[in-house]
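Quick caveat: nothing in here was measured; it's all calculated off a predicted structure. The figures here come from the full heavy-atom set of this structure, side chains too, leaving out hydrogens, waters and symmetry mates. Order of the sequence lines sets the chain letters (A, B, ...), proteins ahead of strands, with each chain counted from 1.
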Amino acid sequence: MSDESSDFKPSPDTRLALGQLQMVLPEGGLLIDAESLRPYECDGLSAYRRLPLAVALPETVDQVQGVMRICHRLGIPVVARGAGTGLSGGALPLENGILLSLARFNRIVEIDAANRRARVQPGVRNLAISEAVAPLGLYYAPDPSSQIACSIGGNVAENSGGVHCLKYGLTVHNVQQVEMITAEGEQLLLGGGGLDGPGYDLLALVTGSEGLLGVITEVTVKLLPRPAHVSVLLAAFDDIEAAGNAVAGIIAAGIVPAGLEMMDNPSIRAAEDFVHAGYPVDATAILLCELDGSEAEVAAQVEQVSALLQRAGAGEVRTASDTDERQRFWAGRKAAFPAVGRISPDYYCMDGTIPRHRLAEILSRIANLSDEYGLRVANVFHAGDGNLHPLILYDANRPGELERAEQLGARILEASVEVGGSITGEHGVGIEKIDQMCVQFNSDELAQFHAVKAAFDTKGILNPGKAVPTLHRCAELGAMHVHKGELPFPELERF
Amino acid sequence: MEAALNEAEQRLAEAVHAAHVAARPLRLLGSGSKSFYGNPVEGDDFPLTLPTDSIRHQPSELVVTVGAGTRLADLETVLAEGGQMLPFEPPHFGPRASVGGLVACGFSGPARPFSGSARDHLLGCRIINGSGRILHFGGEVMKNVAGYDISRLMCASLGTLGVILEASFKVLPIPAAQHTLRRPMDAKQALLEIATLTRSPLPLSAAAHYAGHLYLRVSGSESGVQAAVTEIGGETLEDGIQFWSDLREQRLAFFDGERPLWRLSVPPASALPDLPGDWLLDWAGAQRWLRSSADATQIRAATEAVGGHATLFRGGDDSLNVFHPLPDNLLALHRRVKQSFDPAGILNRGALYP
């Protein structure tokens with residue numbers, strides 16, 4: 001996609017809108033020239049780029065309300081953006097729309113240790129929360145791999161996960177209240193000061209709604225006490241199925257690990273070359289299992305899990321004996337994406353979820369698809385919660401490779417739905433997976449989504465065209481599916 | 001079994017569709033175990049006759065999918081046979097309690113502040129919306145961010161958005177050990193003590209204050225529980241399991257009698273509001289039960305002052321809105337959300353907000 005709107009000439013209406021926006025925004029709070037807009041042309045899904053009409057950088061809730069009122073009155077689309085690290089193109093600008101950056105909302109408003117919560121502005125980085133409350137022995141649990149950069153507002157929009165979800169939940173389980181500005185510019189508080197709020201659970205509905213229902217201006221997060229002890233085991237397997245069975249065995253034994261991750265051989269090799277974590281590079285798969293709790297509890301569980309892993313056929317089981325070693329074990333996994341980035345000019349990260357017992361089957365289907373499309377695939381897997389991240393390796397400079405990678409990705413997601421999973425576990429639909437939504441939901445369900453959207457945003461100005469496809473689009477794709485995902489007229493713009 | 005389920009579901013969906021077309025309000029009737037809860041509903045009685053034996057438990061996936069007509073007690077028995085449980089300890093309020101009512105009311109038991117709520121564990125559900133369409137949202141996987149999270153929205157919506165047909169929950173292993181400790185102190189002290197304890201990495205699974213005692217439960221592995229018991233200290237309550245179950249089911253003496261029962265949902269460490277009546281603190285201080293004949297306005301104002309909301313859970317004035325009033329713009333949004341699921345306003349009209 002290459003429409004960069006660089007020669008865009010503002011219409012009289014547009015000039016009116018920009019003039020009004022200027023009035024409600026602070027000095028330097030409205031960017032309109034192409035050079036200043038450039039940094040906002042894409043999010044983490046950088047294959048898609050587009051310049052917005054303008055970027056608004058409000059500093060106060062009043063200013064956000066002002067922007068929304070103007071855009072609502074004039075029918076101008078608004079795309080909210082946090083840190084721009086999203087992987088599904090949710091913050092991709094619209095050429096006729098305002099990109100509303102929450103970057104200046106970067107304050108931790110209140111840390112309330114007695115109630116184990118913190119009130120933060122949406123632009124605060126995920127990791128900054130845990131850092132700020134560390135002296136109190138507390139932390140914020142969801143830890144997406146991008147946590148040094150991603151913002152809490154974006155986490156709420158995407159319902160972000162991380163490697164500790166199985167035990168500690170997703171964003172939706174760790175947020176107690178949000179302040180939200182509606183499409184009309186009204187201010188709402190969703191959730192409650194306690195553990196629930198009155199009325200419908202709109203907090204749950206808004207979490208993961210990808211900026212389609214409102215603009216988050218404050219988030220109250222739940223804080224947890226840091227575990228007293230943490231241990232990590234690393235087990236090497238020469239058979240994927242055995243590794244999958246080991247995961248089932250750990251769960252069946254009544255153990256809920258804090259983290260349970262799997263990497264396949266291409267990922268192991270890439271990570272090892274990059275960070276030298278000491279991974280066994282000949283293994284078909286490795287499992288990383290983190291256990292936390294009191295000293296006695298962790299010691300007992302390490303012994304139990306170790307035995308389980310060996311019984312399941314692990315060739316080697318190592319236990320991190322200190323913090324350094326534990327961090328080294330994790331370093332490879334946390335750096336898996338950039339590590340794969342080193343061995344291929346480009347890679348495309350997928351995010352399907354599957355019932356765990358279908359893992360071996362899905363991986364063998366992915367291997368076959370990889371052969372069929374002639375593209376390598378490396379897999380990292382949140383094994384505890386069935387969230388699979390196949391990384392498709394391609395070279396954007398080779399004509400047609402990006403398209404092949406996208407088609408391969410689409411086939412993987414469709415396979416995930418087929419085995420009872422979902423097209424996205426934690427990255428969101430955005431523009432990236434909008435067509436696969438037609439596979440996961442039928443027209444009645446999509447119509448219900450549109451009705452919910454209309455309840456929040458009658459004019460449809462918030463992030464239009466993302467997350468939920470129109471019925472029309474799905475109907476057209478339905479016909480196209482006859483051609484096994486190979487779209488006719490590839491020259492036509494599809495997003 | 002599946003065929004029976006589909007047939008019953010189709011029949012209900014057709015009936016809802018007919019009511020939608022005729023704009024005829026329906027009063028959804030499950031097992032009736034929680035019919036005391038909520039505002040009065042206008043409409044014709046609509047019995048939800050669904051199969052009572054639909055349970056698909058996948059222990060290694062930590063997931064159970066269960067028909068709404070299934071009794072909660074039966075579900076818990078099946079889960080326990082697989083060594084697992086619903087981590088949010090849903091109250092039953094009677095032997096006939098069904099899974100549909102669990103979702104519709106969204107109640108959670110004493111473990112709530114430590115293990116999460118009913119909505120936290122709801123992974124997906126199938127519903128009939130107010131136009132009579134059968135819809136499926138979410139699924140049987142832990143992580144799923146495709147589309148809006150409509151499953152969780154169903155929780156505690158009191159049947160006003162859809163007829164719940166089936167739900168999938170995340171389940172967890174039953175802890176190997178648990179232990180209940182008790183220490184004499186007043187409510188104010190108890191709140192301070194809880195605030196301190198919950199900031200430490202202890203395997204706490206419940207904390208309540210009742211009749212002059214702080215009750216604490218720890219759960220986990222044998223060794224973990226032993227270490228925590230030593231660290232926390234206090235008198236061991238031999239019939240701890242009974243105590244927590246009586247608290248959850250409102251069988252303690254506190255719940256006897258006719259005085260109105262209020263539920264206050266507040267920040268756990270917030271000061272005890274100055275209100276006349278008797279208190280029982282659950283959820284580590286975040287859910288407070290108040291037996292009081294005080295004026296609703298007074299109770300709500302005091303609760304709002306600490307950032308919470310108050311529900312008239314049982315008894316009291318029939319003419320009163322049992323739920324905490326919402327700001328006008330939020331109430332308007334509630335009505336639009338209701339309308340988006342139920343355009344003719346036929347499902348449990350009035351149950352949540354008039």
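A salt bridge links B:E140 with B:R56: at least one charged nitrogen is closer than 4.0 Å to a carboxylate oxygen. For B:K170 and A:D385, the salt-bridge test fails: no basic side-chain N is under 4.0 Å from an acidic carboxylate O.
Only the side chain of A:R116 comes within less than 4.5 Å of a heavy atom of chain B; its backbone N, CA, C and O stay farther away. For chain B, the nearby parts of A:L195 are the backbone and the side chain; heavy atoms of each come within less than 4.5 Å. Both the backbone and the side chain of B:N329 come within less than 4.5 Å of a heavy atom in chain A. Only the side chain of A:A300 has a heavy atom closer than 4.5 Å to any heavy atom of chain B.
Using modelled atom types, one finds a donor on one side chain and an acceptor on the other under 3.5 Å when comparing A:E426 with A:H389. Inspection of the B:T160 and A:Y200 side chains reveals an N or O donor paired with an N or O acceptor under 3.5 Å. With hydrogens and angles left out, the side-chain atoms of B:D149 and A:N159 include no donor and acceptor closer than 3.5 Å.
Looking only at heavy-atom pairs under 4.5 Å with chain A, the residue among B:L153, B:L330, B:T198 that has the most is B:T198. The greatest number of non-hydrogen atom pairs below 4.5 Å with chain A, out of B:S200, B:A286, B:P59, B:P325, is found for B:S200. Chosen from B:Q226, B:R199, B:Q339, B:R335, the residue pairing most often with chain A at heavy-atom distances under 4.5 Å is B:R199. Across B:G82, B:P203, B:G147, B:A310, the residue that shares the most heavy-atom pairs under 4.5 angstrom with chain A is B:G147. For the set A:G208, A:P355, A:G420, the count of heavy-atom pairs under 4.5 angstrom toward chain B peaks at A:P355. Of the residues considered (B:M142, B:Q58, B:M154), B:M142 shows the highest number of contacts with chain A, using heavy-atom pairs under 4.5 Å.
In this structure, the side chain of B:Q287 does not engage the main chain of B:L264 through any donor-acceptor pair within 3.5 Å.
Side-chain contact between A:V468 and A:H450: present, with at least one pair of heavy atoms (C-beta onward) separated by less than 4.5 Å. Contact annotation: the side chain of B:V171 approaches that of B:H57 to within less than 4.5 Å [non-hydrogen atoms, C-beta and beyond].
Going from atom CZ of B:R263 over to atom CZ of B:R288 covers 12.0 Å, rounded to the nearest 0.5 Å.
Heavy atoms of other residues, nucleotides or ligands lying less than 6.0 angstrom from NE2 of B:H17 number 12 at most.
When the heavy atoms of residues 112-122 of chain B are compared with those of chain A, the residues falling under 4.5 Å are B:R112, B:P113, B:R119, B:D120, listed by number.
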